[in-house]
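First listed ligand is number 1; within each ligand, the first listed atom is number 1.
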Amino acid sequence: MSDHYAKLTFTPAVQAEQVRHGSRSAYANRGTRESEPDVFDADATAFIQARDSFYMASVSETGWPYVQHRGGPVGFLKVLSPTTMGFADFRGNRQYISAGNLKQDDRVSLILVDYPSRARLKIMGHARVTDDPEILTSLSMPDYKAKVEQAFLIDLAALEWNCPQHITPRFTNAEIQQAVAPLHMRIAELEAELARRG
Ligand SMILES: Cc1cc2nc3c(=O)[nH]c(=O)nc-3n(C[C@H](O)[C@H](O)[C@H](O)COP(=O)(O)O)c2cc1C
């Protein structure tokens, strides 16, 4: 576990729960040491850029947590530097809840899941919305039929890989098509063979 992740999440109340449940000693050193900032390394970058969706939580000005699903074509979530990621805000229901929340509190938490591999990555960061044309261009997906209204940029505060427990493998249509392609080919071969035999 990243020390930065522990620093942000192991609040006094959380630590008290860990004591109550007997797990505090396992985490005692976490979040107390000085360590290099978390970065998007090669594994995290590849994982992030292979996603077609994720969930992002922000904090409303009344303190309510708010979570939204974000989706797009694979690659719409981009790592722009070792500590910055971004994605295009495609026109949707025009409620702008996440964007509004960021005006008061720029903290966000993201969870990204690779269901077939049963891997998940949690990211905490500081987010902002921009309509800088250069950034919009770098985050746009020209082949995707959606209007890019603005973009979200997230400066990394901490990241954490989760264990695979309780993730049910799920597959997209494209992944299923790829997996069954050899079966379709084999069926076609066998049907041709049957037809030849009359
Ligand atoms: C026509 C249309 C209707 C939508 N309706 C909903 C909806 O009812 N609820 C929802 O959570 N998202 C809906 N979405 C998706 C959201 O607009 C999208 O996830 C957007 O990013 C939400 O941003 P926000 O939650 O920060 O406001 C809709 C999208 C479109 C294109």
In Å and rounded to the nearest 0.5 Å, what is the OH to CD1 distance from Y5 to I123?
10.0 Å
Contacting atoms of ligand 1, where contact means under 4.0 angstrom from a heavy atom of H69
19 (O)
Do Q95 and ligand 1 have an N or O pair less than 3.5 Å apart?
no
Pair T172, E175: side-chain N/O donor-acceptor within cut-off below 3.5 Å:
yes
Tell me yes or no: between the side chains of D131 and Q150, is some donor less than 3.5 Å from an acceptor?
no
Starting from atom 7 (C) of ligand 1, find the nearest protein heavy-atom neighbour and note its residue, name and distance.
N93 ND2, 3.8 Å
Please work out which of S58, G72, S98 has its closest non-hydrogen atom nearest to atom 26 (O) of ligand 1.
S98
Determine, using the 4.5 Å side-chain heavy-atom cutoff (strictly less than), whether L112 and V108 are members of one ILVMFWY cluster.
yes
Applying side-chain hydrogen bond (donor to acceptor under 3.5 Å, both in side chains), which residue pairs with at least one partner in residues 49-64 are found, sequence neighbours left out?
S58-N101, S60-T62
With a cut-off of 4.0 Å, which atoms of ligand 1 are near a heavy atom of Y66?
24 (P), 25 (O)
Do Y144 and F90 have ring centroids that are under 6.0 Å from one another?
yes
Looking only at protein heavy atoms, what sits closest to atom 31 (C) of ligand 1 is G92 CA, 3.5 Å
Side chain, backbone, both or neither: the part of Y96 lying under 4.0 Å from ligand 1 by heavy atom:
backbone
Mark whether atom 1 (C) of ligand 1 lies under 4.0 angstrom from at least one protein heavy atom.
no
Exercise answer: donor-acceptor pairs, residues 152-166 side-chain atoms, under 3.5 Å, sequence neighbours excluded:
from: D155; atom 1: OD2; to: R128; atom 2: NH1; distance (Å): 3.0
from: E160; atom 1: OE1; to: S2; atom 2: N; distance (Å): 3.4
from: N162; atom 1: OD1; to: R120; atom 2: NE; distance (Å): 3.1

Under 3.5 Å side-chain donor-acceptor pair for Q15 and Y27:
no
Considering all protein heavy atoms, does one lie under 4.0 Å from atom 15 (C) of ligand 1?
no
Which residue supplies the protein heavy atom nearest to atom 11 (O) of ligand 1, what is that atom called, and how far is it?
Q68 NE2, 3.3 Å
I97 N/O to ligand 1 N/O under 3.5 Å:
yes
Report the part of R70 (side chain from C-beta onward, or backbone N, CA, C, O) that has a heavy atom under 4.0 Å from ligand 1; answer both or neither where that applies.
side chain
Exam field: side chain H4 to backbone E36, donor-acceptor pair closer than 3.5 Å:
yes
Between R94 and ligand 1, does any nitrogen or oxygen pair lie at a separation below 3.5 Å?
no
